[in-house]
Chemist: 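Can you keep this structure in mind? I'll have questions shortly.
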Amino acid sequence: MNMIFLGAPGAGKGTQAEVVCKELNIPAVSTGNMLREAVKNGTDAGLAAKKFMDAGELVPDEVVIGILKDRIAQDDAKNGFILDGFPRTVAQAEALESMGVKIDKVVEIDVSDEAITARMSGRRVCEGCGNSYHIEYKPTKVEGVCDACGAKVVQRIDDKPETVQARLKTYHEKTAPLKDYYQSRGKLVTVQGQNDIAETSKLVLAAIKG
Ligand code: ADP
Ligand code: ZN
């Protein structure tokens, strides 16, 4: 099963993708995590992406599409995958189609901008493996240390309040049109993501199975 998790920054796409991946035993493919890794490693894609990411803007389609294409060609994606944070533009959705990737379901996680703005200040990410945490809703067992790999857990540069507002604006302008795109193709299911992580997971799993 190939799925897309769609939603504003901080809506919980990544967290829910991790839950569902364990349940279905398919990988979560996060373009945000891959781009952060590329920036850390100083690859060409990373160098091209950094200034856009820091400003809360989208990385150019051709850069992201290239990374995504390589990733889903890998062996572990053969039986399906969850795309977390891709596509983010209609051009990216069209690129998926022209690659011949069949999408079974698009799960939109809907959270108001107000709730997102309130959540973002508590968000943390692991410098080592990219796992995401929240100081209130999904804390690490040991403060500041990743449960999965033991590396340091930090706030992302783009989780600063000004940048969060820029990312929300980018989302509404560039990414939200994908709701209509997939609705008209009969793929879209919308789940309310305002409640806690476990509650949202129940809704997401029900939406996938339904
Ligand atoms: P969030 O969903 O919390 O905004 P991500 O980790 O998915 O964060 O993405 C972080 C940043 O990486 C985005 O603000 C954007 O600059 C870049 N990015 C990630 N995925 C894409 C994509 N599909 N297209 C363009 N830029 C992307
Ligand atoms: Zn880690």
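Bear in mind the structure is a predicted one, so any value in this text is a computation, not a measurement. Both ligands and their constituent atoms are indexed starting at 1 by order of listing. Just so you know, these numbers use all the heavy atoms, side chains as well, and skip hydrogens, waters and symmetry mates.
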Chemist: Just wondering, do M3 and I26 contact through their side chains at under 4.5 Å, heavy atoms?
Modeler: yes
Chemist: Taking D113 as the fixed residue, which of Q165, H172, K169 is the one that meets the side chain to side chain donor-acceptor pair (under 3.5 Å) rule?
Modeler: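 Result for side chain to side chain donor-acceptor pair (under 3.5 Å) with D113: H172.
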Chemist: Are side-chain N/O atoms of D61 and T89 paired as donor and acceptor at under 3.5 Å?
Modeler: yes
Chemist: Answer yes when D75 and K78 have at least one side-chain N-carboxylate O distance shorter than 4.0 Å, and no when they do not.
Modeler: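 Looking at D75 and K78, the cut-off is met.
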Chemist: Measuring from atom 8 (O) of ligand 1, which candidate in K51, K13, R156 has the nearest non-hydrogen atom?
Modeler: R156
Chemist: Nearest 10°: the angle subtended at the Zn ion (ligand 2) by C149 SG and C146 SG?
Modeler: 120°
Chemist: Heavy atom of G56 under 4.0 Å from ligand 1?
Modeler: no
Chemist: Between ligand 1 and Q92, is the shortest N or O to N or O distance under 3.5 Å?
Modeler: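 Yes; at least one N/O pair falls below 3.5 Å.
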Chemist: Please state which option from T175, T31, L35 has its nearest heavy atom closest to atom 18 (N) of ligand 1.
Modeler: L35
Chemist: Salt bridge check, K187 against E108: does any charged N sit closer than 4.0 Å to a carboxylate O?
Modeler: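 Here E108 does not pair with K187 in a salt bridge, since their nearest N and O are not under 4.0 Å apart.
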Chemist: At less than 4.0 angstrom from any non-hydrogen atom of G10, what atoms of ligand 1 do you find?
Modeler: 3 (O)
Chemist: Heavy atom to atom 9 (O) of ligand 1, shortest distance: which of R88, R167, M53, E57 holds it?
Modeler: R88
